[in-house]
Amino acid sequence: MKVLETERLYLRRMTPEDAINLYLLNLDTTVIKFTGDQSFDSIESAKLFLENYDHYKKYGFGRWAVISKSNNEFLGWCGLKYRQEENVVDIGFRLKRKYWSNGYATEAAFKCLEIGFTKYNLPIIVGRAMKDNVSSIRVLKKIGLSFLKPFNFDGNEGVVYFKKNPLHSDLL
């Protein structure tokens with residue numbers, strides 16, 4: 001089920017059938033280097049994570065599988081995540097390394113930002129990255145986010161970027 005579509009990609013909900021893809025994505029230590037995440041210990045643990053992923057049901061959005069239109073390949077994920085402890089929605093993305101530097105993260109993230117503002121009427125969306133993750137920071141800037149503040153990212157220097165919903169004139 002397609003949730004979003006861009007020129008080269010479509011985004012859909014992740015399902016337990018994506019467990020192998022999610023497992024392999026997080027197995028690449030270079031891919032998760034700046035995320036604070038650990039790799040799954042098995043395909044089964046990735047499947048269990050996906051079976052218990054409740055963001056779609058709770059909020060209507062979440063992290064979506066990024067699929068290439070040209071060959072139907074799973075490239076990674078991109079989407080929105082509600083962080084209850086901070087009462088904020090963040091945008092995130094993670095792609096297989098072989099797809100880096102092709103504009104896919106920017107293309108997918110821009111579309112997720114757009115739907116967050118138009119369909120879900122979110123007032124603000126933030127993006128976080130470790131300060132050393134210059135590639136992710138570049139994507140956040142390309143999709144129009146501005147620096148907000150530094151923060152502690154699992155013991156590392158992190159940065160928070162944000163964008164206000166242009167449809168909310170009361171926030172301007």
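Residue numbers count from 1 along this sequence. What you see is a predicted model; the values in this text were computed from it and never measured.
- A salt bridge is defined here as a Lys NZ or Arg NE, NH1 or NH2 lying under 4.0 Å from an Asp or Glu carboxylate O, and Asp18 with Arg13 fails to meet this definition.
- For the residue pair Glu44 / Ser42, no side-chain donor-acceptor distance below 3.5 Å is found, with atom types taken as modelled.
- Counting only residues at least two apart or in different chains, side-chain hydrogen bond (donor to acceptor under 3.5 Å, both in side chains) contacts with residues 140-154 are absent.
- Tyr99 and Val31 end up in the same hydrophobic cluster when Ile, Leu, Val, Met, Phe, Trp and Tyr side chains are linked at under 4.5 Å.
- Here ring-ring contact (aromatic ring centres under 6.0 Å, His included) pairs that include residues 126-157, with residues two or more places apart or in two chains, are Phe147-Tyr161, Phe151-Phe153.
- For residues 131-140, the salt bridge (Lys or Arg N to Asp or Glu O under 4.0 Å) pairs, not counting sequence neighbours, are Lys131-Glu157.
- Under a hydrophobic clustering in which Ile, Leu, Val, Met, Phe, Trp and Tyr are joined whenever their side-chain heavy atoms come within less than 4.5 Å, directly or via other members, Leu11 and Leu50 fall into the same cluster.
- Hydrophobic clustering of Ile, Leu, Val, Met, Phe, Trp and Tyr side chains at less than 4.5 Å, counting indirect connections, keeps Ile91 apart from Leu167.
- For residues 12-48, the ring-ring contact (aromatic ring centres under 6.0 Å, His included) pairs, not counting sequence neighbours, are Phe40-Phe49.
- Between Asn26 and Gln38, the shortest heavy-atom distance links the atoms ND2-O, 3.9 Å.
- In terms of modelled atom types and a separation under 3.5 Å, the side chain of His55 and the main chain of Lys81 share no donor-acceptor contact.
- Under the 3.5 Å distance criterion, the side-chain polar atoms of Trp100 are matched with a main-chain donor or acceptor of Leu95.
- With sequence neighbours excluded, the residues forming a salt bridge (Lys or Arg N to Asp or Glu O under 4.0 Å) with Glu86 are Arg128, listed by chain and number.
- Listed by chain and number, the residues in a ring-ring contact (aromatic ring centres under 6.0 Å, His included) with Tyr120 are Phe61 (sequence neighbours excluded).
- The nearest pair of heavy atoms linking Leu9 to Ser68 is CD2-CA, 4.3 Å.
- Note on Val160: it does not cluster hydrophobically with Phe93, by side-chain heavy-atom contacts below 4.5 Å among ILVMFWY residues.
- Using modelled atom types and a 3.5 Å distance limit, the side chains of Tyr82 and Asn87 yield a donor-acceptor pair.
- The shortest heavy-atom contact between Gly76 and Leu25 is CA-CD2, 4.1 Å.
- Salt-bridge check for Lys98 with Asp28: failed, with every basic side-chain N at 4.0 Å or more from each acidic carboxylate O.
- For the atom pair Lys164 NZ and Ile124 CD1, the distance stands at 6.0 Å (nearest 0.5 Å).
- In this model, no donor atom of one side chain and acceptor atom of the other lie less than 3.5 Å apart for Arg8 and Asn102.
- Salt bridge status for Lys96 with Glu73: present, with a side-chain N to carboxylate O gap under 4.0 Å.
- Annotation: Phe110, atom CZ; neighbour count of heavy atoms from other residues, nucleotides and ligands within 6.0 Å does not exceed 12.
- Between Tyr59 and Tyr56, the distance from one ring center to the other does not fall under 6.0 angstrom.
- Contact between Ala19 and Ile43 at its shortest, heavy atoms only, is CB-O, 3.8 Å.
- With hydrogens and angles ignored, the 3.5 Å screen pairs a side-chain donor or acceptor of Asn165 with a backbone N or O of Leu122.
- Contact record, Ala109 with Ile143: CB-CD1, 3.9 Å, taken as the closest heavy-atom pair.
- Shortest non-hydrogen contact noted between Ile137 and Ala129 is CG1-CB, 3.9 Å.
- Contact check on Lys69 versus Glu5 returns a salt bridge, with a Lys/Arg side-chain nitrogen under 4.0 Å from an Asp/Glu carboxylate oxygen.
- At distances below 3.5 Å, at least one donor-acceptor pair connects side-chain atoms of Tyr53 with backbone N or O atoms of Arg63.
- Trp64 and Val126 fall into different hydrophobic clusters, where Ile, Leu, Val, Met, Phe, Trp and Tyr are joined by side-chain heavy atoms under 4.5 Å apart, directly or via other members.
- Although no hydrogens or angles enter the test, the distance criterion places no donor-acceptor pair under 3.5 Å between the side chain of Asn133 and the main chain of Met130.
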